[in-house]
Structures are given as C-alpha cells and as structure tokens.
Amino acid sequence: MKLQVERDVLAEAVTWAVRGLSTRPPVPVLAGVLLEAAEDSLTLSAFDYEVSAKVTVPAQVDEPGETLVMGRLLSEISRSLPAKPVSLAVDGSKLTVSCGSSRFALQQMPTADYPTLPISPEPSGSVQGDIFTQAVAQVSIAADRGDTLPILTGVRMEIEGDKLSLLATDRYRLALRELTWNPSTADASHVALIPARTLSDTARALGASGTVGIALGHAAGGEGLVGFEAGRRRSTSRLLDGEYPKVTAIFPTSVDTVAVLNTATLTEAVKRVALVAERNAAVRLRFSEGQVGIEAGQGDDAQASEAVECNLQGPELEIAFNPQFLLDGLGAIGTSYARMSFTQPSRPAVLSGQAEADGDADESYRYVLMPVRFAS
C-alpha cells in the first residue's frame, strides 16, 4: 500500500473513525484502525463489536492495499503533523507515515484477526443534521449514567411516519423531543433503544452535515442495529435489549400554575444561589405574583437567596429541585424564555421553551423534573 493524502483530511478522518475505541479493548486488534486504499480513495474503519465507524476520503493511491495499525496513536500523529501532504506506505512489517521532514514507523497488526464490520440496515429516512444534533443533546442529558439499570442508559427512538421522537430518563428527570423527519416510506414504524453516549458522540460528529441518514433494522446475525450516515461517513451501533418503562405517564394531565421567566436570568440566579448548596442539596423556588424567590442553605450552613422576575398564572407555589438537574433543563430548552408548569409541590414539574414572554409554549421539547422533598 502506498498513497498520499492531505494532512487535515487524514487527521479528521482518523479522529472520526477511532473516537469510540476503548483504551482497554478485550482483543488487541480492536484498538486498531483499518486502512484500505483503492483507486483514488482511502477508507478508514474501526469496530469494537458494539460500535463501528467507517469513512472514505480522497487520496492519491499509487499502490492499493490495506493495513491495520493502532488507531489512537495514528490519530495523535496525524493531528501533530505539519500542514503538508502526508505519505503512507507499507514497508515490511511497518506502516511509514511521512510528512515534510517528519517520519513515523508504526507496527502493523494482523488484518486476518480483524472482525468484519456489520452491514448497516436499509435506510429508514433522513433528518436535518443541526436539528438532529440539537434534539439528541436535549434528550441525552436525562439518560442514566450508572449501571444499576442499563436500559436507562439508552435513548428511546420511536418513529411513526414522519414523526420522530427521542426519550430518556434517569428516574429523576425525563426529556422528550419530538421532530419531523423524512421517512423512506410513509408508513415507517420503528422503536429502538440506542446507547445515549454513542448517540451523542455520533450526533455531534455528524451534525455539521446537511442531512443525517438513519437506518433501523437487524444485522445478518439477528442483532438489532442502528446505522447513521452523512456524506462519506457511516457508523453503526448495537441496540440495547429490553422493554423501556412506560415513563410518558409521568407527564401531568392538567396544570394548575404556570410561570414564564427569562431563561438566561433564571439560569444565572440558580447558579449563584446553588454555590452554597452542599452536595445533593436542593434549591427552593417560591413562586409568587411577579417574582420567584430562589433560596439554598439553612440553619448554621451558608445560605443564599435571590429574586427573579416572572409572569405567574395560577396559585402561588413553593417547590425544590436538584440545582444541576434544573440547570441542565434550562440549558437544553434553547429559547429566550422558560415556561415552568406545575400541579403541586410534590408532583413533577414540566419545563419547556417559549420564544417570547407572552408567546405560545414550544412543546416539541419537554423536560420533566422531579421535585425534592424539603422540611417545611
């Protein structure tokens, strides 16, 4: 194998391909990136039995061939090279990487031991890249990060026709985003549980593209897979097994109190007041006509309070939240105003966005927050 490729093209491609590789793979070859040169292109692939990534970039190929080398090492090398064309060539048991006066020799790994990448299912449809990236970010913040209930570490994707919904919860908050997409067939219907970390990484990496193709189905071995494609980048991920709990029942069926607040103002106030809240301690919000009082700390501990203007409709209310969970929701709504809907202090509150203070709520994204019990 012998070829030449632009430095930035190589660095970006290698970084994309190896982004999900484990630092401690169960099999040594799974730490590698497979390079395949053919005609006028170079294809880079990585796979760890859970997630696969493949990208094809233009290259001047003098001798076709393939090689397998340490992925993260090649990524670090390619990013550190000078801004000049990079030459890659197999020389005996080594892959030589030359750029300007820089030269590296990487030990090849046995390609015969490298697993075959899964074949992505048939395309199910596509969605605008920036919208998909925002939607995934809004929902994945609510996915569980522990191992107690593995099923809650996923994001539930449901497709019905041209409607796509993403749902995640860690039992303390719940996030739901609904959007319109372009299905391959008008009667498309799919449900998939995708690991949240994988979905987030993929969405961020593909979001700059105009559109992201999504494919849901099964691999040849019968395992559930989801595939993503944007431009010449493709990736797959195994789906999580199990029945996701019917958490949408948490959404309140009626609302007694609604408060509309400036998102940035409320965010900064909660951040300041939460400075005195010890670990896992709540911040208290006292909603009254015209304002909300935000308080934290009590007794002999440090205390803080601040008042923020708000438009209140309905009975006055006092409620407490985990400050970080509240800040996560405020950071995710992406609108100038936040709309908080309540039934009673012991029941979940719903956070959504609003473009203007007196405008309509945007319920395409809803963030449900469980209240924290506090001493009266």
Q) Is R347 atom CZ crowded by more than 12 heavy atoms from other residues, nucleotides or ligands, each under 6.0 Å away? A) no
Mind checking whether N322 and Y172 have side chains closer than 4.5 Å, heavy atoms only? no
Closer than 3.5 angstrom, by distance alone: can the side chain of S364 be matched with the main-chain N or O of L179 as a donor-acceptor pair? no
**Prompt:** Donor-acceptor pair, R7 side chain versus R79 backbone, under 3.5 Å?
**Reply:** yes
Does any donor atom in the side chain of S352 or E363 lie under 3.5 Å from an acceptor atom in the other side chain? no
Taken to the nearest 0.5 Å, the spacing of L166 CG from E158 CD works out to 10.5 Å
> For residues R284 and S305, is any side-chain donor paired with an opposing acceptor at under 3.5 Å?
Replying inline: no
Mind checking whether V270 and V368 sit in one hydrophobic cluster, side chains of I, L, V, M, F, W, Y counted as touching below 4.5 Å? no
Scanning both residues in full, the closest heavy-atom pair of F321 with M370 reads CD2-O, 3.8 Å
So if you build clusters from Ile, Leu, Val, Met, Phe, Trp, Tyr with side-chain heavy-atom gaps below 4.5 Å, do V51 and V212 land together?
-> no
CD (E66) and OG1 (T111) are apart, to the nearest 0.5 Å, by 4.5 Å
Checking T43 side chain against T56 main chain: does a donor-acceptor pair fall under 3.5 Å?
no
**Message:** Run the side chain to side chain contact (heavy atoms under 4.5 Å, CB included) test on V57 and R232 for me, step by step, so that the C-alpha distance in whole Å, both residues' side-chain angles and the decisive distance to 0.1 Å come before the verdict.
**Reply:** CA-CA 7 Å; V57 296; R232 304 179 84 173; over 6 Å; no
query: So, do V350 and P252 sit near enough that their side-chain heavy atoms are less than 4.5 Å apart?
result: yes
Task: Side-chain donor-acceptor contact under 3.5 Å, T211 with S126 - done: no
* Step by step, would you call L216 with M157 a side chain to side chain contact (heavy atoms under 4.5 Å, CB included)? -> CA-CA 10 Å; L216 292 164; M157 178 184 289; 4.1 Å; yes
Any chain of hydrophobic side-chain contacts (each under 4.5 Å) joining I319 to L327? yes
(message) Using modelled atom types and a 3.5 Å cut-off, is there a donor and acceptor pairing between side-chain atoms of Q60 and backbone atoms of Q4?
(response) no
Exercise for review: Evaluate side chain to side chain contact (heavy atoms under 4.5 Å, CB included) for L81 paired with F104, printing each intermediate quantity in order.
Suggested key: CA-CA 10 Å; L81 293 173; F104 296 85; 3.8 Å; yes
Looking only at heavy atoms, the pair that brings L240 and P150 closest together is CD1-O, 3.9 Å
To the nearest 0.5 Å, atom CG of D187 lies from atom CD of E160 at 9.5 Å
Verify whether one side chain among D130 and Q128 offers a donor that lies under 3.5 Å from an acceptor in the other.
yes
- If two hydrophobic side chains count as joined below 4.5 Å and joins carry through other members, does L199 share a cluster with V127? yes
Q.
Less than 4.5 Å apart, side chain to side chain, heavy atoms only: is that true for L164 and I214?
A. yes
* **Short side-chain donor-acceptor distance under 3.5 Å, S124 and S184** => no
side-chain contact (heavy atoms from CB on, under 4.5 Å) test vs R171 passes for just one of I250, D144, V247, namely D144
Heavy atoms of G20 and R72 approach each other most closely as C-NH2, 4.3 Å
Distance alone, cut at 3.5 Å: any donor-acceptor contact between the side chains of S52 and R234? no
Please tell me if the side chains of Y244 and T169 come closer than 4.5 Å, counting only heavy atoms from C-beta onward. yes
Evaluate whether atom CG of D241 has more than 12 neighbouring non-hydrogen atoms of other residues, nucleotides or ligands under 6.0 angstrom away. no
_Any non-hydrogen side-chain atom of L317 less than 4.5 Å from a side-chain atom of P345?_
yes
Determine, step by step, whether I131 and R177 satisfy the side chain to side chain contact (heavy atoms under 4.5 Å, CB included) criterion, reporting the C-alpha distance in whole Å, the side-chain angles of both residues, the deciding distance to 0.1 Å, and the verdict. CA-CA 11 Å; I131 293 177; R177 173 65 195 271; 4.1 Å; yes
Point to revise | Residue pair L351 / L369, side-chain heavy-atom distance below 4.5 Å | key: no
Just checking, is any N or O donor in the side chain of T15 or R19 under 3.5 Å from an acceptor N or O on the other one? no
Notebook entry, point to check: What's the verdict on side chain to side chain donor-acceptor pair (under 3.5 Å) for R204 and S200, showing C-alpha distance, side-chain angles and the deciding distance?
Noted result: CA-CA 6 Å; R204 284 196 300 267; S200 295; 4.7 Å; no
Value for CD1 (I77) from SG (C99), rounded to nearest 0.5 Å, stands at 11.5 Å
If we ignore angles and hydrogens, is there a donor and acceptor under 3.5 Å between the side chains of S120 and T236? no
Requested in this report: Count the heavy atoms belonging to other residues, nucleotides or ligands that lie under 6.0 Å from CD of E63, then report whether that count exceeds 12.
Outcome: yes
T257 side-chain N/O to G314 backbone N/O, donor-acceptor pair under 3.5 Å: no
Below 30° counts as parallel, above 60° as perpendicular, anything between as tilted: where do the rings of F342 and F287 land? tilted
Examine V136 and L193 and state if one hydrophobic cluster contains both, with Ile, Leu, Val, Met, Phe, Trp and Tyr joined whenever side-chain heavy atoms are less than 4.5 Å apart. no
Between the OG atom in S288 and the CD atom in E318, the distance rounded to the nearest 0.5 Å is 10.5 Å
Practice task
Please confirm whether the backbone N or O of R173 pairs with a side-chain atom of D170, one donor and one acceptor, at under 3.5 Å?
Solution key: yes
A46 and L21 have their tightest heavy-atom pair at CB-CD2, 3.9 Å
Worksheet entry | Side-chain heavy-atom pair K163, T180 within 4.5 angstrom cut-off | yes
Note, I194 side chain near L239 side chain (heavy atom, < 4.5 Å):
yes
Smallest heavy-atom separation, P348 atom then T343 atom, equals O-OG1, 4.5 Å
**Prompt:** For atom CD of Q107, is the number of surrounding heavy atoms from other residues, nucleotides or ligands below 6.0 Å larger than 12?
**Reply:** yes
In terms of heavy-atom contacts, V139 and L167 come closest through CG1-C, 3.7 Å
Original post:
Between the side chain of Y367 and the main-chain N/O of D328, is any donor-acceptor distance below 3.5 Å?
Top reply: no
Rounding to 0.5 Å, atoms OG (S78) and CG (L88) come to a distance of 9.5 Å
Would you check if the side chain of Q354 reaches a backbone N or O of G359 as a donor-acceptor pair within less than 3.5 Å?
-> yes
